[in-house]
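Beneath this line is the structure, given in structure tokens, with notes to follow.
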Amino acid sequence: MEFPQQQKPAGDGKIVYPPGVKEITDKISNDEVVKRLKMVVKTYMDMDQDSEEEKQQYLGLALHLASEFFLRNPNKDVRLLVACCLADIFRIYAPEAPYTSHDKLKDIFLFITRQLKGLEDTKSPQFNRYFYLLENLAWVKSYNICFELEDCNEIFIQLFKTLFSVINNSHNQKVQMHMMDLMSSIIMEGDGVTQELLDTILINLIPAHKNLNKQAYDLAKTLLKRTVQTIETCIANVSSILDSLLFISTLFILRFTLSASLTLVLGFCQQHCCLYVFTALSDTTFFFFFFFSFFLSFFLFQFFNQVLVMGKSSVSDLSEHVFDLIQELFAIDPMLLTSVMPQLEFKLKSNDGEERLAVVRLLAKLFGAKDSELASQNRPLWQCFLGRFNDIHVPVRLECVKFASHCLMNHPDLARDLTEYLKVRSHDPEEAIRHDVIVTIINAGKKDLNLVNDQLLGFVRERTLDKRWRVRKEAMMGLAQLYKKYCLHHEAGKESAVKISWIKDKLLHIYYQNSIDDKLLVEKIFAQYMVPHSLDTEEKMKCLYYLYACLDTNAVKALNEMWKCQNMLRGLVKELLDLHKLPVSEANNNAMFGKLMNIAKNLPDAGKAQDFMKKFNQVLGEDEKLRVQLEMLISPTCSCKQAEICVREITRKLTFPKQPTNPFLEMVKFLLERIAPVHIDSEAISALVKLLNKSIEGTADDDEEGVTPDTAIRSGLELLKVLSFTHPTAFHSAETYESLLQCLKMEDDKVAEAAIQIFRNTGQKIETELQQIRSTLIPILHQKAKRGTPHQAKQAVHCIHAIFNNKEVQLAQIFEPLSRSLNADVPEQLITPLVSLGHISMLAPDQFASPMKSIVANFIVKDLLMNDRSVGNKNGKLWTTDEEVSPEVLAKVQAIKLLVRWLLGMKNNQSKSANSTLRLLSAMLVSEGDLTEQKKISKSDMSRLRLAAGGAIMKLAQEPCYHDIITPEQFQLCGLVINDECYQVRQIFAQKLHLALVKLLLPLEYLAVFALCAKDPVKERRAHARQCLLKNISVRREYIKQNPLAQEKLVSLLPEYVVPYMIHLLAHDPDFTKPHEYEQLKDIKECLWFMLEVLMTKNENNSHAFLRKMVENIKQTKDAQCPDDAKANEKLYIVCDVALFVIANKSTACHLESPKDPVLPSKFFLIQDKDFKNDKEYLLAEMRQMLLTGKPKPAPVLGAVNKPLTVPGRRIFTKTTTASDTASNTSTNSSPLSSSSINKNSNSNAGTESSESRAQENNENPVIKNDEGKKEESSQNATPDAATEASPVKRRGRPPKTAAAPVAAEKEGAAAPTGGGTGRGRKRAADNSSAESINIKMSKQQQQQNDEGTKRQIDLQR
């Protein structure tokens, strides 16, 4: 088509401007151009189409505004004003524009399109002009001029993209309406829709784009809806329009030409419906509306046909999103996809399983949509889809089953169609499919029970006996949920409750199954769904009362059997605890083993249960508090609330160290759930009796519950009868808090303690709602805080602090009399006051910090800690139970804890009290626990005090203000406690250290202490230490990954930064006295390897090179602890060389470039000038070879058990387990019979962890004279190395400063021939007695090794 010739302006072609407007040229400034254009815009806005004279007058100006000067102008305001002028020009000169050149028109409309981007910013000062531009274009339909252009599609695509991109939530309805009018007019009045333009619309429906611009999605959705509504209007008005659509669709499927199609369309419509249609609409309007709507459907059909049927993914960029588009278009209007559905049926029969799966997922959403009528409108497709329930491809069947849940909930009318298919799938060979059938039915039933028929519920009932535990569990849990919702809560009336009344009997019948898993699940269902233990006692007992009356005979027997089994298991646990109270003997051990086997039979997976119960028994033997909690749990007087608290406390103790999966803890939980009385206590029995009385009196709700009064009375009496066997003492009960108050008055200290704990956890409303309980409770708490047991005092103080508003007054009433009554001469009466005072000062530091200062200075330190008033028991044991510890030592331990609690409450060191406390604790460690050095304290009491002092320093280090003032010497003294000669001290200290580190409470340097565990003689302790290292390192690495801010604190978090602290700690090891001796270097290597092996498991981020660089940097520093001590610096450099040797032999990548330059702690290393260079090799080649291959010589007592360093490519000397590996704590080392289990909540008063055998192993042997040695040893039952360690030996540690030099000289002279230095934790050398005596003792040891080595290896494995 040719445009008419370009119109020419009147006159001589001179441009006429409106009055007052000067000429607009490129010679004037932009501001002036804008000013003049505004006047032009105003002129054109005022003109209309009838102003023929003005139109001709300003024709030249109209042409001038379309020149390159304006269309390419860089000024945004100029372009906007020009666009507004052009839009008005098209309005004024319509229907024929003054621009006749195709290229010029294209440039103009692309220019206008670009200006529409300004609509994005609604806050712009020019937004009104942008809106005027849009409004003008939409109202005039100016873009319809482009239909005559050959490349109009480019303009339309650009326009659509612009409008979809600029629309946002700040636009009002008018803006959206004009955008819609503009786009719909282009589509509705055009000749067709190209694939590119269709993509421009459809791309906004894709989920990714939908989430990015919700308004664009809504715009596209509305646009598509508008086009569909047009054709639907015609359908409603014309009776024969369906025939027309069928006919036209056939024409397009046969691919008629466009002109032929139009002719047939118009002819058909005129023949069949012109009498009505053309009276309502003009010919043009009807044609365009009908034509576009059909054309859009056609192009959608063509697009999906090419992608789905022909597999042409290149026809559109949206081909990969075809299923998403179908779902969105279906949601907009299913009519858009009328011709596409047969293509989906074709795809359902594809040979490709993944292709079928994709179509099934799509159709599942379409059929299952809330208001979808697709199943009724397209029955062939629905039947074809149902056939996929029997698909050979497992994922397809699984997807169909998952769909059934939504279908049942949204379309109950389709349940009959689905039932038969679900029946087949409920017997599917695949476990996952059977499982999902259950989930489908249960989910629908939980929404509305009427959605599932009896046949579907029958499928679930059958699956309760499935061969697979997972399916059985899902079926049982699903039925239990339905029962709780409809029978217990009556959410759907009595009819629904009657419909599923069989569930309660069916679930209890399963208790007859042989599988213990089924029994445990029935017990759980009973406690949580049938009679929920979380209900109030009256409601809970009402549920039980009427449930028992409604059960059939077999269900009643099953319930009785359940209570009987639980009671039997409680009896087994009680007998096990009674055995723990008896002295250790072979018969006792055999009896324990039998009880453990019986208990394990009542837990899932009997094989694992046996192992876990053995471990649990070991923990019980070590933790008395755990035993007391367990005794309380199975006590006949235990209430339901007490049972919940006991279970929580026991599991809390066994939770540490925390692990992602802890099967041991899960097994213990199974045990606790079976033995915990969660339903029946004294209050429950009282409620049952009241219900029975109401039934007898005829005032009960028996008829409403579906039972006759006679049945209720008979079943109620039977229920009470059964419970009288399983819970005899529960029949004598009182109200909850009254019972707890009575417990507080009982003589049983543990019961009182637990009662206070319950008040603390649940008594927050006592003060406001229960004044009588409050008035009774306060004096009891005061009494327990003043004269109760230490644990009672602690809980009483915390209880007061937690539940009373006037806590300051209450605590002051306790603090003042206790502070005045402190008397060190009566230590038995001192322990509880110290506990109370310590916790009061910690909980209320602002109120009591100052008064505590004088108490600490005048009484705690001077009068209590610095004086020994009594002489300890010289029985030679290194550890005793709590009952055997002297009251004075227990008071001193509590005094140390009081100091720590006082400081932790203040959290500042303004008074320098923390410095004094740290010096005191350090002195106690240096003096081995005997602070006065008067030799009055027993060995076991000294062990307690050492543990308390080490734990106190570690506790203070968790507070940043105190960590900063801990000196390297004090840190080393604290760390060396992990090598203490007493097994229990090492065990408890290591556990405390691990718990603090794993919670990231302690600084990284304390992780280095675990390197010293390589010297522990007990294999289990070394293994435990290694596990602690692994756990701590993994926790720190995960913390760094999960917390981006941790990157700024890598020096304190990155595990590799523990190496400098470890090297410094080993360089100052008191055993490291001869730095060039093989045995001592081997110990250093073992300690280094103990840590580095864990750190170097993976070479993440070239960490091996980082470690090497770090050690090399340390060699270029000096020891900050003693920078002028040449020997100390030499020892530091030697340890560095050993570390470099270990790293080089472990890793081949350590010589690469380090990713970062390590940062060394200035507290331990003194950075030297750049001129300082230390390139000396302190480790001789001969020594390197010996460290690599080993030296075949007798190993030290402790060194023999250290793990050898494995070097790739070399066969090393492997140490065998000798008697020294299983050395007991007779004088220094721990017993091989020790449990490998971890003390979960250990403290310094952990004497209960040691059994009688442990106490014997910690005996301290007397000094033996040379001429009587053999006789005395033969008369005693000494361990193999007892003779070796018989003579008194110096402990690891530092002497007081006043005696530093003499003691150091003594240590040098008393060094053992094996090279072991005098150790504070390992008695590795004898005193400087004659060599003959040493040889005799060593000979004796070697003789006994052959006889007892095998026996001790077996003991160690236990």
Side-chain angles (χ1 to χ4, degrees), residues 997 1003-1014 1025-1026 1028-1041 1046-1047 1049-1067 1069 1081 1083-1117 1119 1131-1165 1167 1174-1179 1184 1187-1188 1203-1209:
L997 283 169
L1004 180 62
E1005 62 202 69
Y1006 286 83
L1007 186 63
V1009 174
F1010 276 117
L1012 297 174
C1013 291
R1026 190 175 188 278
C1028 291
L1029 277 176
L1030 287 169
K1031 179 64 177 177
N1032 276 285
I1033 289 174
S1034 65
V1035 165
R1036 288 176 179 272
R1037 294 196 195 281
E1038 187 64 26
Y1039 180 84
I1040 293 173
K1041 291 180 181 178
Q1047 298 293 332
K1049 302 179 181 179
L1050 284 181
V1051 176
S1052 60
L1053 289 173
L1054 192 66
E1056 280 75 12
Y1057 272 113
V1058 76
V1059 172
Y1061 301 111
M1062 173 180 62
I1063 290 176
H1064 192 274
L1065 182 63
L1066 293 176
D1069 189 342
L1081 287 176
D1083 283 347
I1084 295 296
K1085 183 199 73 172
E1086 296 292 349
C1087 293
L1088 288 168
W1089 176 238
F1090 192 78
M1091 178 72 71
L1092 290 173
E1093 181 186 18
V1094 181
L1095 288 175
M1096 300 176 66
T1097 303
K1098 294 181 180 179
N1099 187 21
E1100 295 182 358
N1101 300 322
N1102 205 12
S1103 61
H1104 293 182
F1106 181 75
L1107 292 174
R1108 173 193 56 78
K1109 180 67 174 177
M1110 187 184 300
V1111 179
E1112 289 177 349
N1113 287 359
I1114 294 175
K1115 283 192 67 176
Q1116 307 304 318
T1117 66
D1119 192 341
K1131 287 162 56 174
L1132 178 67
Y1133 301 148
I1134 289 176
V1135 176
C1136 288
D1137 276 357
V1138 177
L1140 289 171
F1141 168 77
V1142 172
I1143 295 172
N1145 280 277
K1146 170 65 178 178
S1147 171
T1148 57
C1150 65
H1151 296 291
L1152 300 176
E1153 188 66 24
S1154 174
K1156 293 183 180 180
D1157 192 25
V1159 180
L1160 300 179
S1162 58
K1163 188 176 181 180
F1164 294 88
F1165 303 100
I1167 306 299
N1174 181 15
D1175 54 2
K1176 179 181 177 181
E1177 294 287 343
Y1178 292 87
L1179 204 59
R1184 290 175 182 270
L1187 290 175
L1188 185 65
K1203 183 177 178 180
L1205 174 63
T1206 303
V1207 181

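Along the sequence shown, residues carry numbers from 1. Values below: all heavy atoms of this structure, side chains included; hydrogens, waters and symmetry mates excluded.
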Do [X] and [Y] touch side chain to side chain, with heavy atoms closer than 4.5 Å?
X       : Y       : answer
Leu997  : Phe1010 : yes
Val1135 : Lys1131 : no
Leu1054 : Arg1036 : no
Leu1132 : Phe1165 : yes
Leu1088 : Ile1063 : yes
Phe1090 : Leu1029 : yes
Ser1162 : Ile1167 : no
Val1059 : Leu1092 : yes

Please list, chain by chain and in numerical order, all residues satisfying side chain to side chain donor-acceptor pair (under 3.5 Å) with [X], sequence neighbours excluded.
X       : answer
Lys1109 : none
Asp1157 : Asn1113
Gln1116 : none

Distance from [X] atom [atom1] to [Y] atom [atom2], nearest 0.5 Å?
X       : Y       : atom1 : atom2 : result
Met1096 : Met1091 : CE    : CE    : 13.5 Å
Glu1005 : Lys1163 : CD    : NZ    : 5.5 Å
Leu1030 : Thr1097 : CG    : OG1   : 6.5 Å
Leu1065 : Leu1012 : CG    : CG    : 4.5 Å
Tyr1006 : Asn1032 : OH    : CG    : 14.5 Å
Ile1084 : Asp1137 : CD1   : CG    : 12.5 Å

Report task. List the atom of Leu1004, the atom of Ser1052, and the distance in Å for their closest heavy-atom pair. Result ->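 Here Leu1004 and Ser1052 meet closest at CB-O, 3.6 Å.
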Query - Shortest non-hydrogen separation from Ile1114 to Pro1060 and the atoms involved - result: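 Ile1114 and Pro1060 have their closest heavy atoms at CD1-CA, 3.8 Å.
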**Report entry** Backbone of Cys1013 reached by a side-chain donor or acceptor of Arg1026 within 3.5 Å
**Finding:**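 Looks like no, no N/O pair under 3.5 Å.
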Query raised in the report: Got a donor-acceptor contact below 3.5 angstrom from the Tyr1057 side chain to the Pro1158 backbone?
Result: no
Query raised in the report: Any ion pair linking Glu1177 and Lys1115 (charged N to carboxylate O, less than 4.0 Å)?
Result: no
